[in-house]
Amino acid sequence: VLEQHLFAHHFRGGGAAPVERALDAYRNEDGGYGHALEPDLRGPVSQPLHTALALRVMDAVGNCGGRRAEDVCRYLTSVSTADGALPAVHPSRRGYPAAPFVPVVDDPPGELLATGPVVGLLHRNAVWHAWLFRATDFCWQSVESLEKPHPYEIEAAVAFLDHAPDRASAEAAAS
């Protein structure tokens, strides 16, 4: 249903409200998203991966701010590492079906892959939250320390750099 409403929004002049209502079906009380919004993880629990996809949907319909963004940031704060980084998969996924390549790690590290696109998208939408300061610092450190990055790391770095508030530093890092 979500994809149908997104299609209608993008290609048939449909409104944002039906997309947002469909997205709410994946929303949890903790401010995160679950319920297989990202098909690699099938459980109902909130996950950074699901929540990042929800943010992309909110951005696509022009409503990535306000109370909804505050709730998302509250959830992201609860699952981030001390330095503000997001793990790709949170251990709460244990016991639920997942793609065979999705690990179960008790204390997963934060990764640029998970953090960069989320932080970039929040900056793009002028969201302000205390967690975002730590997460932004993590992204800067990660981008600056890339030596032999995987293509997905480059994609995450660019997603962050495209909307990082310090434009001069972002352009220098990109080059």
Side-chain angles (χ1 to χ4, degrees), residues 3 6 10 23 26 31-34 36-43 45-61 64-65 69 72-94 96-175:
E3 287 82 8
L6 270 171
H10 288 303
L23 185 60
Y26 299 93
Y33 288 78
L37 179 57
E38 162 55 55
D40 290 342
L41 299 168
R42 306 303 296 176
V45 295
S46 294
Q47 285 287 324
L49 200 57
H50 297 307
T51 305
L53 180 55
L55 281 171
R56 288 194 306 272
V57 170
M58 290 180 227
D59 180 61
V61 298
C64 188
V72 164
C73 287
R74 181 174 36 86
Y75 165 72
L76 296 174
T77 301
S78 75
V79 297
S80 68
T81 62
D83 58 0
L86 296 172
V89 179
H90 190 266
S92 63
R93 87 115 183 121
R94 187 180 309 280
Y96 296 106
F101 54 83
V102 177
V104 177
V105 179
D106 288 328
D107 191 19
E111 301 179 15
L112 178 63
L113 203 60
T115 312
V118 168
V119 171
L121 209 145
L122 290 170
H123 281 305
R124 170 186 161 133
N125 287 278
V127 171
W128 184 95
H129 191 272
W131 166 78
L132 199 50
F133 290 103
R134 288 184 298 130
T136 299
D137 288 344
F138 169 81
C139 289
W140 280 121
Q141 291 171 343
S142 296
V143 166
E144 291 167 357
S145 66
L146 287 174
E147 290 180 18
K148 293 184 179 181
H150 185 278
Y152 290 145
E153 286 178 308
I154 302 244
E155 185 177 44
V158 168
F160 166 69
L161 292 172
D162 276 349
H163 305 290
D166 181 351
R167 298 309 311 145
S169 295
E171 290 173 16
S175 66

Should Leu121 and His163 count as side-chain neighbours, where that means a heavy-atom distance under 4.5 Å? no
Considering only heavy atoms from C-beta outward, does the side chain of Leu122 approach that of His129 to under 4.5 Å? no
Answer yes or no: is there a donor N or O on one side and an acceptor on the other, between the side chain of Glu144 and the main chain of Gln141, under 3.5 Å? no
Hits for ring pair (Phe, Tyr, Trp, His ring centres under 6.0 Å) against Phe160, two or more places apart or cross-chain, chain-then-number order -> Trp140
Evaluate Leu55 against Met58 for side-chain contact (heavy atoms from CB on, under 4.5 Å), listing each step before the verdict. CA-CA 5 Å; Leu55 281 171; Met58 290 180 227; 4.3 Å; yes
Is the closest side-chain heavy-atom distance between Cys73 and Val127 below 4.5 Å? yes
With ring-ring contact (aromatic ring centres under 6.0 Å, His included) as the test, would you mind laying out the steps for Trp131 and Tyr75 before giving the verdict? CA-CA 10 Å; Trp131 166 78; Tyr75 165 72; 9.8 Å; no
State, yes or no, whether a side-chain contact exists between His90 and Pro108 at a heavy-atom distance under 4.5 Å. no
Shortest non-hydrogen contact from Val102 toward Arg93: O-NH2, 3.0 Å
Flag side-chain contact, heavy atom, 4.5 Å: Pro91 against Val104: no
Dump the intermediate steps for side-chain contact (heavy atoms from CB on, under 4.5 Å) on Ser142 and Thr115, then the final yes or no. CA-CA 10 Å; Ser142 296; Thr115 312; over 6 Å; no
For Ala85 and Gly110 the tightest heavy-atom approach is CB-CA, 3.5 Å
Under 4.5 Å between any side-chain heavy atoms of Pro109 and Pro87, yes or no? no
Distance from Leu76 atom CG to Ser78 atom OG, nearest 0.5 Å? 7.5 Å
May I ask you to test the Leu6-Val61 pair for a side-chain heavy-atom distance under 4.5 Å? yes
Any chance you could lay out the side-chain contact (heavy atoms from CB on, under 4.5 Å) test for Val105 and Val89, step after step, and finish with the verdict? CA-CA 8 Å; Val105 179; Val89 179; over 6 Å; no
Just do the side-chain contact (heavy atoms from CB on, under 4.5 Å) check on Leu132 and His123 with the steps written out, would you? CA-CA 9 Å; Leu132 199 50; His123 281 305; 3.9 Å; yes
Using only atom types and a distance under 3.5 Å, with no angle test, would you say the side chain of Ser80 pairs donor to acceptor with the backbone of Thr77? yes
Flag the pair Arg134 and Asp83 as a salt bridge only when some basic side-chain nitrogen lies within less than 4.0 angstrom of an acidic carboxylate oxygen. no
Hits for salt bridge (charged side-chain N to carboxylate O under 4.0 Å, His left out) against Arg56, two or more places apart or cross-chain, chain-then-number order -> none
I need the minimum non-hydrogen distance between Ser92 and Gln47, along with the two atoms involved. OG-NE2, 3.1 Å
Using every non-hydrogen atom in the two residues, find where Ala159 and Pro117 come nearest and quote the distance to one decimal. CB-CA, 3.8 Å
Does any part of the side chain of Asp59, heavy atoms only, come nearer than 4.5 Å to the side chain of Arg124, both counted from C-beta? yes
Are any side-chain N or O atoms of Tyr33 and backbone N or O atoms of Leu53, one a donor and one an acceptor, separated by less than 3.5 Å? no
When you measure from the side chain of Glu38 to the backbone N and O of Asp40, does any donor-acceptor pair fall under 3.5 Å? yes
Whether Arg42 side chain and Ala99 backbone form a donor-acceptor pair below 3.5 Å: no
Value rounded to 0.5 Å, distance of CG in Leu37 from CG in Leu23: 6.5 Å
Of the non-hydrogen atoms in Ala52 and Val118, which two are nearest, and what is the gap between them? CB-CG2, 3.5 Å
Could you work out, with salt bridge (charged side-chain N to carboxylate O under 4.0 Å, His left out) as the rule, every residue matching Asp106, not counting sequence neighbours? Arg94
Give the minimum heavy-atom separation between Ala156 and Leu112, together with the two atoms involved. CB-O, 3.5 Å
